[in-house]
K.L.:
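Take a look at the following structure, please.
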Amino acid sequence: MKAITIPEFGDADVLRLDDVEAPEPGPGQVSIDVDYAGANFAEVLYRRGIADVPLPFVPGIEVSGRIRALGAGVEGLRVGEPVAALTIVDGGGYAEVAVTSAGLVAPLNGLDPKVAAGVPSNSTTAFLVLDRLARIAPGERVLVHAAAGGVGSQLVQAARLLGAGTVVGTVGSEAKVQTVRDLGVEHVVLRDELPGRVAELTAENGFDIIADMVGGPARRASLDALAQFGRLVVMGNASGSDDVPLSPNELWLTNKTVSGFNLAAFSALYPAEAGRALRRAVAAVASGDLRVAVEEMPLEKAAEAHRRIESGTTTGKLVLAVRP
């Protein structure tokens, strides 16, 4: 089969289109004939060598396509069925055939496969972060950094869907403000301006939930912007900044909580729960409760997709057309 591989760690130019052996499903797994694969910052981390993966490695944490074969013991799915799937535990999505746990698969039920490829990672993460980890309550004030990006755009919409009162999105440039407003977010601010606007945006109370995948100055500003009993969820460090020192005594004295969320680790330990969240996400997008804006690129342009993701100029989701 054709697949994009990482033969060595480095910049986007190391990505190579190769002929490799198609994988077969083991017990409890399915193989998928891939139509589209989502392109994510996680795959950039694999390529850079920040995540520990064996080389050569086929990246790709999410796909849409059709069930190719069922491993022993798999029930409730059928060969040929259109599905979306998380391939995040072992990778392999940038390929004509991918294998994953049957529990990390969701039937499309009519959802466009191109849109579906942008759902498994970001939309699933949004529900798990807000509901499972932050335990959002009706009326709470939610701040989402990088709100024009793939996961940020899902978080601001899911927050509304789950009953948030005030939803605020931050962006890195004026060019992205309208993109977030088009998602129904009334309050969109430049990240650098956040510290001076917290009181205005939250009636001086601070935010109950903040999702931060940016790091650096945004993380420090987030800690300061939390309300009493506020929850900061750390989801990445896209800025590449040094780690932000955190004082447990500060958390104790201010009644604040900081937690982390990593979808790969969660899916490996709790595949059944991750699968339920995935199916919930697919249903929300299929019904129109969540919108996923996707832009298609051919599989052989994976290096270009990575460069665009690294530039920080993308909005919404890039998907790679494998066999559209």
Side-chain angles (χ1 to χ4, degrees), residues 1-6 20-40 42-43 45-46 51-111 113 116-129 131-133 261-286 319-320 322-323:
M1 69 173 184
K2 297 290 186 184
I4 294 292
T5 66
I6 302 172
V20 302
E21 186 175 350
E24 296 291 337
Q29 295 182 321
V30 300
S31 61
I32 298 168
D33 284 321
V34 177
D35 292 331
Y36 296 91
N40 300 274
E43 290 120 19
L45 299 181
Y46 294 146
D52 184 21
V53 296
L55 298 180
F57 182 72
V58 178
I61 66 173
E62 60 183 345
V63 301
S64 67
R66 289 146 290 143
I67 298 288
R68 175 186 179 93
L70 305 176
V74 174
E75 298 178 353
L77 296 168
R78 56 180 173 79
V79 172
E81 185 173 12
V83 294
L86 277 167
T87 52
I88 194 168
V89 176
D90 297 309
Y94 288 15
E96 291 180 322
V97 180
V99 165
T100 191
S101 166
L104 297 176
V105 172
L108 292 192
N109 296 324
L111 182 62
V119 173
S121 173
N122 295 335
S123 308
T124 302
T125 291
F127 281 121
L128 287 171
V129 163
D131 217 5
R132 171 71 153 84
L133 198 63
F261 182 79
N262 181 287
L263 182 61
F266 186 90
S267 299
L269 285 172
Y270 307 106
E273 189 170 354
R276 286 194 295 272
L278 168 60
R279 290 184 283 278
R280 181 184 188 186
V282 168
V285 176
V319 297
L320 301 173
V322 181
R323 280 187 294 212

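The shown structure was predicted, so the numbers you read here are calculated from the model rather than taken from an experiment.
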K.L.:
How long is the straight-line distance from CG of L70 back to CD of E81, given to the nearest 0.5 Å?
P.N.:
9.0 Å
K.L.:
Nearest 0.5 Å, what's the CZ-CG distance between R276 and L104?
P.N.:
11.5 Å
K.L.:
Yes or no on side-chain contact (heavy atoms from CB on, under 4.5 Å) for Y46 and I6, after CA distance, side-chain angles and deciding distance?
P.N.:
CA-CA 8 Å; Y46 294 146; I6 302 172; 4.1 Å; yes
K.L.:
To the nearest 0.5 Å, tell me how far R132 CZ sits from F127 CZ.
P.N.:
15.5 Å
K.L.:
Which residue pairs satisfy the salt bridge (charged side-chain N to carboxylate O under 4.0 Å, His left out) criterion with at least one member in residues 56-69, sequence neighbours excluded?
P.N.:
D33-R68, D35-R66, E62-K317
K.L.:
Can you tell me how far the CG atom of L133 sits from the CG atom of L128, to the nearest 0.5 Å?
P.N.:
9.0 Å
K.L.:
Mind checking whether S101 and V89 have side chains closer than 4.5 Å, heavy atoms only?
P.N.:
no
K.L.:
Measuring only between side-chain heavy atoms, which start at C-beta, is L77 closer than 4.5 Å to V105?
P.N.:
yes
K.L.:
Would you please name every residue forming a side chain to side chain donor-acceptor pair (under 3.5 Å) with N109, sequence neighbours left out?
P.N.:
none
K.L.:
So for atom CZ, which belongs to F261, do other residues, nucleotides or ligands contribute more than 12 heavy atoms lying within a distance under 6.0 Å?
P.N.:
yes
K.L.:
Between the side chain of E43 and the main-chain N/O of N40, is any donor-acceptor distance below 3.5 Å?
P.N.:
yes
K.L.:
Minimum heavy-atom separation for I32 to A85, with atom names?
P.N.:
CD1-CB, 3.5 Å
K.L.:
Taking all atoms of both residues into account, what is the closest heavy-atom pair of T124 and A277, and its distance?
P.N.:
CG2-CB, 3.7 Å
K.L.:
How many angstroms lie between atom OG1 of T100 and atom CD1 of I88, to the nearest 0.5 angstrom?
P.N.:
10.0 Å
K.L.:
Go through the steps to decide whether V63 and V83 satisfy the test side-chain contact (heavy atoms from CB on, under 4.5 Å), and finish with yes or no.
P.N.:
CA-CA 8 Å; V63 301; V83 294; over 6 Å; no
K.L.:
Do R323 and Y36 have side chains that get closer than 4.5 Å, going by heavy atoms?
P.N.:
no
K.L.:
side-chain contact (heavy atoms from CB on, under 4.5 Å), that's the test. Do D131 and R280 meet it? Break it down for me.
P.N.:
CA-CA 12 Å; D131 217 5; R280 181 184 188 186; 2.9 Å; yes
K.L.:
Treating S31 as the side-chain partner and A69 as the backbone partner, does any N or O pair qualify as donor plus acceptor under 3.5 Å?
P.N.:
yes
K.L.:
How far apart are the closest heavy atoms of S64 and P113, and which atoms are they?
P.N.:
OG-O, 2.7 Å
K.L.:
Between N262 and A265, is there a donor-acceptor pair closer than 3.5 Å when you use the side chain of the first and the backbone of the second?
P.N.:
yes
K.L.:
Taking all non-hydrogen atoms of both residues into account, name the closest pair between A84 and V282 and its distance.
P.N.:
CB-CG2, 4.3 Å
K.L.:
Can you name the nearest heavy-atom pair linking M1 to E21, along with the distance?
P.N.:
CE-O, 3.9 Å
K.L.:
Please round to the nearest 0.5 Å and tell me the distance separating atom CD1 of I61 and atom OH of Y94.
P.N.:
8.0 Å
K.L.:
Between G118 and V319, what is the shortest heavy-atom contact and its length?
P.N.:
N-CG1, 4.1 Å
K.L.:
Quick check: does any side chain N or O of E96 sit under 3.5 Å from a backbone N or O of V34, one acting as donor and the other as acceptor?
P.N.:
no
K.L.:
Could you check whether any side-chain heavy atom of L111 comes within less than 4.5 Å of a side-chain heavy atom of V285, counting everything from C-beta outward?
P.N.:
yes
